[in-house]
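A quick note: this is a predicted structure, and the numbers were derived from the prediction, not measured. Residue numbering restarts at 1 for every chain, and letters A, B, ... go by the order of the sequence lines.
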There are 2 protein chains.
Amino acid sequence: MAATIEPQLLTESTQDYLKAIYELTQAGGGAATSSIADRLSVSPASVTNMVQKLAERQPPLVTYRKHYGVELTNEGRLAALRTVRRHRLIEQFLTHVLGYSWDEVHQEAERLEHAISPLFEERLAILLGEPRFDPHGDPIPDANLTLPDSCALPLYRAAPGQVVRVCRVRNDNPALLRYLDELGLRPGLRVRVISSQPVDYTLQVELVDYDKQVVLGQALGEAVMVEAI
Amino acid sequence: MAATIEPQLLTESTQDYLKAIYELTQAGGGAATSSIADRLSVSPASVTNMVQKLAERQPPLVTYRKHYGVELTNEGRLAALRTVRRHRLIEQFLTHVLGYSWDEVHQEAERLEHAISPLFEERLAILLGEPRFDPHGDPIPDANLTLPDSCALPLYRAAPGQVVRVCRVRNDNPALLRYLDELGLRPGLRVRVISSQPVDYTLQVELVDYDKQVVLGQALGEAVMVEAI
DNA sequence: GCTATAATTTAGTCTAGACTAAATTATAAG
DNA sequence: CTTATAATTTAGTCTAGACTAAATTATAGC
């Protein structure tokens, strides 16, 4: 059982790196220097530099082999999850309490996640009713940093004819989020797949709740995650 | 009319220095290097260094003459007021929405004030109903950075026999705040001065609303500000 | 008006975390 | 198997904002 490291012992940058590595390795495998650099808008050299420090810390927060990418240690993973919890609680707060729109929350949460105390985190979670998912449908780790299960089927892989429920929307692209918001394609919505083009990943779907048909391109089909009903 | 400088153009440290100078010069006159150093828990040399930078900026944020202390320029004052507004709005939020106690809010607000966006500030003010005073009774600058009038009579200067209303409590000492909170001595409370000792500043007062008598020493008599009813 | 003391400033260091340019290593194509 | 290209790492710089130690200036007491 690894002791969890209190966030105030980690600098903002450190937390940002851990969170980036966590998110990049969700898909499996190690995170490449250049993809971390991209995500944090930082030069690859800076990443190498920081990653070496993270690996040399006691306890180490990442494992690192030159030229082969980085993975989180258990301590690193827990620290990342703590930041993810804060980020997603704050997103939930921003939409539900302060009336932010979907696409505005990410940036704001990105700064606030580093400024709140453990007490704030706890009180916020209570105020929001210990939510298990944020506004994009991303799972919020609980106070013990356990993640609830969340769906993993991208809409473009759903079988034609099937009716599914949107449970999550990839949130790295504000413009895309705004468009999905316009369509009403939010977590909870039911969708029937009318046709699915395997070659160019174009979809024709019916938004069952609005009785409306729309066509979605590859980016949208990949961004919307669904579960069977 | 000086253009106001957006907070995101100022580093956290810069905002901290400006706010400290603002608060220290409220009493009138310039702020001494050592008093700024004390307030920010930083060495006097660091203060000299930073103050010189603030004076050399375009536009300058402070006026500075070696060995004679610092004052804010109008630009500096507006920037400080912006931070003060954020700080006090956040304090109000922490007590009214997240259920923080009086003495817990300051530290938390101290970090959050640097992490919020103009949108957050605006939404928060709306959520809270554009409050004019924070939980300690300190005036909150409005969106144009105008300060509401606030009372300035310390309790120990009120005439014996007079009934006054608490309107503000100095908030630099958490232990003192906790004690005042226990007594119920909060903004809004009515107090009758029974006796006032001019030599050692000891007070005997009646808390009219609770029908209770208490004795207050110098620190408390100075910390509680009142207005005539 | 001098002098001891306190306050302030100067000068020089340090650290975190970014950067660029150059060197190295891995990979894909022939 | 070699080589061109892409990715990564190394080496060396830079900046903000802190520090300490030493030098300077102001002030209070005689």
Side-chain angles (χ1 to χ4, degrees), chain A residues 5 7-21 24-25 27 29-58 60-71 76 79-80 83 110-111 113-115, chain B residues 5 7-21 24-25 27 29-58 60-71 76 79-80 83 110-111 113-115:
Chain A
I5 298 173
Q8 58 268 24
L9 299 176
L10 303 171
T11 65
E12 289 193 21
S13 286
T14 300
Q15 293 179 52
D16 285 338
Y17 276 94
L18 293 176
K19 189 155 66 97
I21 296 165
L24 287 166
T25 51
T33 301
S34 54
S35 43
I36 301 172
D38 274 4
R39 178 167 285 245
L40 297 176
S41 302
V42 133
S43 74
S46 302
V47 173
T48 300
N49 182 43
M50 179 60 116
V51 148
Q52 290 174 343
K53 286 186 192 168
L54 296 177
E56 280 156 23
R57 268 180 89 113
Q58 278 318 318
L61 298 175
V62 303
T63 57
Y64 167 63
R65 263 187 57 219
K66 274 185 198 177
H67 297 281
Y68 283 93
V70 204
E71 281 178 57
T83 307
E110 204 62 31
R111 273 171 295 109
E113 68 191 13
H114 301 302
Chain B
I5 299 171
Q8 58 270 26
L9 298 176
L10 303 172
T11 66
E12 287 193 21
S13 287
T14 299
Q15 293 178 52
D16 285 338
Y17 276 93
L18 294 176
K19 188 156 67 97
I21 296 165
L24 288 166
T25 51
T33 301
S34 54
S35 45
I36 301 170
D38 274 4
R39 179 167 284 248
L40 297 176
S41 302
V42 133
S43 75
S46 302
V47 174
T48 299
N49 181 43
M50 179 59 116
V51 149
Q52 289 173 344
K53 285 186 192 166
L54 296 177
E56 280 156 22
R57 268 180 89 113
Q58 281 316 321
L61 298 174
V62 303
T63 57
Y64 167 63
R65 264 186 56 218
K66 273 187 198 174
H67 296 281
Y68 283 93
V70 205
E71 281 178 57
T83 307
E110 205 63 30
R111 273 171 295 109
E113 69 190 13
H114 303 301

Atom CG of Asp38(B) and atom C1' of dA7(C): how far apart are they, to the nearest Å?
12 Å

To the nearest Å, how far apart are Lys66(A) NZ and dT8(D) P?
14 Å

dA16(D), OP1 or OP2 - any side-chain N/O from Tyr17(B) closer than 4.0 Å?
no

Taking atom C1' of dC19(C) as reference, at what distance in whole Å does atom CG of Leu40(A) sit?
15 Å

Please work out if Val47(B) contacts a base, only the sugar-phosphate, or nothing of the nucleic acid, heavy-atom cut-off 4.0 Å.
nothing

Quick one: Tyr64(A) OH to dT9(D) C1', roughly how many Å, whole number?
6 Å

Candidates dA18(C), dA26(C), dG17(D) - which lies nearest the side chain of Met50(A)
dA18(C)

For dG12(C), give its Watson-Crick or G-U wobble partner with both distances under 3.5 Å, or none.
dC19(D)

Does OP1 or OP2 of dT9(D) have a side-chain N or O of Thr48(A) closer than 4.0 Å?
yes

Under 4.0 Å from OP1 or OP2 of dG17(D): is there any side-chain N or O of Thr11(B) that close?
yes

OP1 or OP2 of dT20(C) sitting under 4.0 Å from any side-chain N/O of Ser43(A)?
no

Position toward the 5' end of DNA chain C (nearest nucleotide), Ala45(A) or Glu12(A):
Glu12(A)

Think Ser13(B) has a side-chain N or O under 4.0 angstrom from the OP1 or OP2 of dA18(D)?
yes

Supply the atom-to-atom distance Thr33(B) OG1 to Met50(B) CE, rounded to the nearest 0.5 angstrom.
13.5 Å

Report the distance from atom CD of Gln52(B) to atom C1' of dA18(D), rounded to the nearest whole Å.
15 Å

When rounded to whole Å, the CD1 to P distance for the pair Ile36(B) and dT9(C) reads 9 Å

Ignoring hydrogens and geometry, is there a side-chain-to-backbone donor-acceptor pair from Gln15(A) to Pro7(A) under 3.5 Å?
yes

Please tell me if the side chains of Thr48(B) and Tyr64(B) come closer than 4.5 Å, counting only heavy atoms from C-beta onward.
yes

Return the 5'-most residue of the pair Lys53(A), Pro44(B) with respect to DNA chain C, ranking by each residue's nearest nucleotide.
Pro44(B)

Length of the OH-P vector between Tyr68(A) and dT24(C), whole Å:
18 Å

With the side chain defined as heavy atoms from C-beta on, Ser34(A) is closest, among dA18(D), dT9(C), dT8(D), to dT8(D)

Counting distance only, does the side-chain N/O of Ser35(B) pair as donor-acceptor with the main-chain N or O of Ala31(B) below 3.5 Å?
no

OP1 or OP2 of dT9(C) under 4.0 Å from side-chain N/O of Thr33(B):
yes

Thr11(B) and His114(B), any side-chain heavy atoms less than 4.5 Å apart:
no

In this structure, how many angstroms lie between the P atom of dA21(C) and the CG atom of Asn49(A), rounded?
17 Å

